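Working notes, structure below.
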Amino acid sequence: MSSLSSVEMGSTKQSVASVKWARRREVAREVLQNPLTVIGLVIILLFLLMAIFAPLLTEANQPDPYQSPRDWANIDSPPGVAGHVLGTDSQGGDLLYGVIWGSRLSLQLSLTVVISTLVIGTIIGSLAAMRGGRLDNFLMRVVDVFLSIPELIFALAIAAVLGPSFRNIILALVAVFWVKYARIIRGEIIRVKQAEYVAAARVVGDSTWNIYRKDVLPNAVTPLIVQATLDMGNVVLIGATLSFIGLAQAGLTEWGALVSAGQSGLLAGHWWVSTFAGLAIVLWALAFNLVGDGLRDVLDPKTEGR
Amino acid sequence: MPDQEPLIKVEDLSVRFHSSKGVAHAVDHVSFEIFPSETLALVGETGCGKSVTARSIIRLVPEPPGEYASGRVLLKNDDSTFTDVLAAPMKQVRAIRGDRISMIFQDPGKALNPALTVGRQLAEVFGEHRASVILGDAGIGGAKAGALVRRIAQQRAGALSRGAYSLVSRKKSIALQKSIDDLVIRALADTGIPNPRKIMNSYPHELSGGMKQRVMIAQALACDPDLLIADEPTTALDVTIQARILELIHQMQQRRGTAILYITHDLSLVREFADRVAVMYAGRIVETGPAREVLASPQHPYTQGLLAAIPRSQTPRGELAAIPGSVPHLIDPPAQCHFASRCQWAAPACSRDVPRLLSLSPKREVACLRFEQAADRSSAPEDMPIRAEFERKMTS
Amino acid sequence: MIPSPSSVATDYDMASGAVVTLNDVKVHYPVKEGILQRVTGQVRAVDGVDLTITRGKTMGLVGESGCGKTTLGRVIAGLVSPTSGDLWLDLNPEQQAEIQRLRALSPSAMTVAEREIWKKLEANHRLGSMSREKQRKYRRNCQVVFQDAFSSLNPRQLVREIVGRPLRVHKEASGEELDRRVIELLERVGLGAQHMLRYPHQFSGGQRQRISIARALALNPEFVILDEPTSALDVSVQAQILNLLVELQKDLGLTYLFITHDLGVVQHMSDQIAVMYLGQIAEYGPTDQVFNSPLHPYSRILRDSNPTLEGEVAGSKWELSGTVPNPINPPRGCRLHPRCPVATASCGWSVDDLLFTVEDRTPALYETISGVERASDFQAQVMFESDDAAGEFANTAGQLGALVASDQALSVDGKSVTLRFPEVSDAALLPMSPGRWTSCTRTQTMGKLPPS
Amino acid sequence: MQVRDYLIRRLALLPLIMLGVSVIVFTLTRFTGSPVGIYATPNMTPDELAALEQRYLLDQPIPAQYAAWLGGLLRGDLGWSGVSVAPVTDVIGSRIAATLELALAAGIIAVLAGIALGTIAGVKRNKGPDHAARFFSILGASTPTFWFGLLLLVPFYLWLDWFPLGRSTPDIYSSLAHYTGMYSLDALLNGNLVAFGDALRHLVLPAVVLGFGAMAIIVRMMRSSMVEAMSEEYVDAARAKGLPERLVIKRHARRNALVPTTTVIGLSFGFLLQGSVAVELIFRWPGLGQWVTSAILAGDQATIMAYVLITAFIFMMVNLAVDIAYAYLDRRVVLGG
């Protein structure tokens, strides 16, 4: 019987890595087969580039780059007039500048909220599912309480209490969104704990922490990744609604705030102010929803192991 | 076995499944016949295409992703003409399903709708195929009843809530309901269920596995079909209940003369409950013949390997004759005998040509190049597998 | 004729000692109902099992779904802790006999010296009261191969990590030494180095079971629990795995506990067989004896209902009637009696059993009962509207449980039927001859099963 | 578990969760500078303010304050709404009917359209209608309600003037007897078709805007449970009985697909409540949503807190109703915690 020669043995480290990467590429190829997902990814890439290269695309407005520069001479000018590609709002704020710097704020908002809630939710959900018993019951009742207040209304109350500012919107969303992840990870861990490979690991005598780290979490995390991708879009949607109803600082280049600023001009026929900012929100949320849906079809836990 | 006209003739049936990885040839040019009140067993391991073949007989394979690539399924009518189920309009196929050919499934727990009572699901068969009988029993004249009553009878048989479709007159609707319930109770009682009325009103999750399978049998034989397709009817049941269910099906066949197509992976079942057997491997029939004969003297290497792998009382421990290797995948398969890679008599010709199902004797067929002449295959004799047994048998 | 009640633990191959000995092991799960989730009953999954697994042999554990065989396997593997009863490990013959003797004495009757010996035995051999280090040693020595090839391997790990894990957990090897050991294990089960860097979903069912076996052998255990290892496999692949298991047992002197519902497989693989029904052992003995001359109706019915390729089974086939009773309150006396074709009045018939059987099989008759006066669980007065209803009930009930009328269990007077069943204690597993045990009270009195 | 036990258990849990919500809201009120502000009516004299602090034990330790606050809440004293210059409870009384009317109308649209689209998408899997329904539902989930409102407002109100803003043409409604407080229903109950027509004209646009988002959630859930139901064996068994495809889908597949979807319908009602905040603002719909947005701009904490409590309560009642429907639909209800 052949056995691995020493040369091959030496290279086991790289070959393990290469096999793991081959597996990831295989999954990636499967995801990219769906055209809708590809469109979503392209849009996300564009937004990413727009956010990163904002200072290059438009000259940063001093002192606060997140307040769009005022061109008092051409207020409410339609798109393409006086050098304003997308036109200006009632205070002469350049809309193109607003949309570009708004993408930075959206990136900031979505990354901070999703990552922090993912971590908090996973910790609490894992504790509840692994420990079980009274702690599980207590944590799940707390989750029930949080979930009985609609997300936006809860966040709205927190942000209003903390005082209107973009930072407070982020804090409010973090305080509200972790619950969703706690519930998902708890359900998945309880499902995975019944699998025989977890019993096999216990028979071998591995510690609970190792079993959690090596067997339970990796197989329970997939639905979390799908939900996180979807929430990268949802979070911006809800954040924009909060700033639309006035919970962000005045004049901020946040898309929701821009749409709100354009609302009064609408009746006077200045349609462009709300439209472009709103379109940016839709594209952002659409992109992440498309990618999230594509991931869900490919990474369905039930068929994954087959 | 009666040698008059066959009830079902499956001719050159091929079923393919399209998937992102390619086209899988699940069933590949399969032909066989089923004679009235005969029990034919279709035997093979997981993925050999036996279930797809069975479902094709009542055109249950979903198209897409499935596709009937070739062949016909001919069902004999009373006037001894034949209807091709695969080509007939769906309306006609639906009239056949449940009335002339019916089916029971492997896991009765999954084959019964959890949200409907047993009685309601059973009544559906009567509502669909025996609406005139329901009307007759309820004393509602066939002629003047009109289409509306017929439709309501149909709906009522499967109606969600009994009140929803009450007829114009209260009296008629009670009579109608009573005639439906009588039919259901008689069907259930026919399978030896002790308290049919109680079972009729209970939900599937309240019944044991064996009881659910009895309900499935009652439902399948409600309209006294010509053919019952039993897709691994007892695999999900415990061995003591399995024996009783198989016994029940056998008795009902004796009483009604129903032909049975048995789908199973368990060869020992074939010996006790089947008249004829067809062994399938990787989408093709490799051997057919009377059950006892095939089990006593299997000709095809795969059948021999399968029989040798079953533990018997006197097989010394650890010496089961296992078939090496595993089933090849059937996605865009090359022209070959799929068993060649695992066969001890394989020869170069085996991995080039597809063996034809040839009849050794009037009732015995085998698909193996060992039983064919090099000349018919237009390939060099040394490429053909050795034909020792066959010559010996022919000359002796 | 019945020897003094001692446990099956005394009876095993004296020379090699016992890997595991179970005494009166019970596993009960609380049933919670209602708003406050109050405990209203216990599901008695395993309800008092005595068993000895002899070193170097294969013990077959067979029974239908829900009989508790998998739970018992999990208790022995340490995955489930027993509600009561003891699990003794590595007892040599003397210790085995000593424990049986001491167990029979009530604690007060023990002398100080005996109590001392009992303490020492517990500290060294009883799971739960032995030292952590000893427990960990047992954990290494007892491994499990599971049924579902798909769910017994972590889909996210490579075969190298899966098979190597036991060695890493017990820090036996690492780095290249670990890889070498893993390759050796893979080759031993018929796979090779080329399978090291692959994911479980890239293998067939049979290959996955081989990986599962390789993992079980990693710490070269003495004792492997096989929980339905081939039930999910096709016959041809099953043959390959069974041959491999036998080969490994010969080479490594392994002890197997082989759990399955397939009678053909258990007959082929095991030296001793324990047949389980509703959480208890119905019959225990050497395989061929249990198959050729079963001492419990259930073993016989299991054997007869299992289709075989061999000749026709002699005599008429017995059949079980009704369905498996609810494990929350199992029938009294012998647990099979409501379904058993040869049950007699003294098999444990209670009033409820009879009424439930009548209701299930002849509901019309059941409706004619107007009232029931219970003197006890075993004696009652059943009243009917009319005399002939009472009469009819008497003779139908008579044939139902194959009750022998002569036992005066039933007597009709006028409009009522009096039921007088003998008060029977729960059936116990008793030896009929060395190595042959049965819990069928009828066989215990008659010596053997009635001819079919 | 019996259906009865399950519902009693859910009812027993309700006050517990409501208490949890009140604790959260109470802690929020403690973040707002001086808590007495909630109860203070405008231009109160300092000693009147001191009396208020006494009454609500604001100088006592937190648990006592919570008890007093909760006592006030149970007595209906939620404080003073600076925005509407009236006690909070009265304002809720007058505005809750408007929000419920809008939410119900949007809900009906979302549920009917959602189930219909979801069924078609599930049955015609990976064919034309499926892709259309999926894209339509993803668009619904990605479009912010407020922007979609503005998007429809411009053509239908500004240019075509098909649909007016606000809740009804003034004083049409005032002459009618008030039964439910919902204009459309009351108009119907009064048999006054003109008023009913007018109420509908005002209701259509905001209801469609609000319903669109919720519909997206229902379509997605209905589609996935339809796809799952269609692959079940009892659907094949139904076909094997010779049933027409129409009946197989309606009586077998959809009946079971509705079971998980009912829970999502409950959840999507939460989406309606939170959507009404922006929609009521845009369409000048005099409901609770409009009231809370004005409270935010004015920093009126009492209104905001009351709004959170009342919406949580409505949301829980709806979920309870959905649970009852769930228990009725699927007999083998074995629902754990």
Side-chain angles (χ1 to χ4, degrees), chain A residues 1-24 26-27 30 133-134 137 191-222 299-306, chain C residues 74 77-80 135-140 142-162 165-170 175-180 182-184 186-188 190-194 196-202 212 215-216 218-219 221 225 227:
Chain A
M1 285 301 226
S2 77
S3 77
L4 218 53
S5 69
S6 60
V7 169
E8 283 151 350
M9 291 286 286
S11 67
T12 331
K13 287 289 163 307
Q14 298 91 354
S15 44
V16 167
S18 66
V19 163
K20 297 228 170 190
W21 273 108
R23 168 78 175 137
R24 291 193 187 102
E26 194 188 303
V27 171
E30 220 176 310
R134 263 203 304 282
N137 245 331
R191 176 181 67 82
V192 169
K193 262 170 77 174
Q194 274 134 25
E196 280 171 356
Y197 56 82
V198 173
R202 280 178 57 215
V203 160
V204 162
D206 211 340
S207 69
T208 314
W209 166 249
N210 275 340
I211 294 176
Y212 169 75
R213 188 169 52 83
K214 284 191 246 175
D215 297 297
V216 175
L217 198 56
N219 288 293
V221 84
T222 327
L299 300 178
D300 176 5
K302 280 193 274 321
T303 58
E304 205 194 313
R306 293 291 178 278
Chain C
R74 301 226 156 178
L79 287 169
V80 166
Q135 201 129 337
R136 205 167 146 71
K137 188 174 148 313
Y138 169 71
R139 177 60 29 83
R140 286 179 46 117
C142 154
Q143 291 300 320
V144 181
V145 174
F146 293 92
Q147 169 181 358
D148 180 354
F150 286 118
S151 109
S152 58
L153 302 177
N154 181 348
R156 282 285 161 67
Q157 284 186 330
L158 293 170
V159 165
R160 174 171 171 272
E161 288 147 4
I162 293 173
R165 178 143 182 206
L167 296 166
R168 260 205 314 281
V169 164
H170 289 272
E176 269 159 45
E177 169 57 12
L178 179 63
D179 286 341
R180 200 184 51 69
V182 167
I183 291 165
E184 200 186 291
L186 288 177
E187 279 159 4
R188 181 178 286 282
L191 296 174
Q194 69 280 17
M196 283 262 283
L197 303 175
R198 290 205 202 143
Y199 287 95
H201 69 273
Q202 295 168 295
S212 208
R215 169 177 60 191
L219 298 166
I225 298 172
D227 186 358

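Quick caveat, the model's predicted, so the values are computed rather than measured. A note on names: the letters A, B, ... follow the listed sequences, proteins ahead of strands, and every chain is numbered from 1.
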I need the residue from C:Val169, C:Asn154, C:Val144, C:Leu186 with the largest number of non-hydrogen atom pairs under 4.5 Å to chain A.
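Answer, by heavy-atom pair count under 4.5 Å with chain A: C:Asn154.
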Between C:Arg136, C:Gln202, C:Gln157, who has the most heavy-atom pairs with chain A when the cutoff is under 4.5 Å?
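Among C:Arg136, C:Gln202, C:Gln157, the one with the most close pairs to chain A is C:Gln157.
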For the student: nearest non-hydrogen atoms of C:Ala216 and C:Val145, plus distance
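Scanning both residues completely, I find the closest heavy atoms to be CB-CG2, 3.8 Å.
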For C:Glu161, which atoms come within 4.5 Å of any heavy atom of chain A: side chain, backbone, both, or neither?
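The side chain, not the backbone.
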Part of C:Arg74 within contact of chain A (heavy atom distance under 4.5 Å)
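For C:Arg74, the contact with chain A is made by the side chain alone.
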Partner set under salt bridge (charged side-chain N to carboxylate O under 4.0 Å, His left out) for C:Arg140, not counting sequence neighbours:
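Residues passing salt bridge (charged side-chain N to carboxylate O under 4.0 Å, His left out) with C:Arg140: C:Glu172.
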Report yes or no: do A:Arg134 and A:Asn137 form a side-chain donor-acceptor pair below 3.5 Å?
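Side chains of A:Arg134 and A:Asn137: no pair found under 3.5 Å.
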Listed pairs under 3.5 Å, donor-acceptor, residues 196-203 of chain A side chains, sequence neighbours left out:
unit_1	atom_1	unit_2	atom_2	d
A:Glu196	OE1	C:Asp148	N	3.2
A:Tyr197	OH	A:Asn219	ND2	3.1
A:Arg202	NH2	C:Leu79	O	2.9

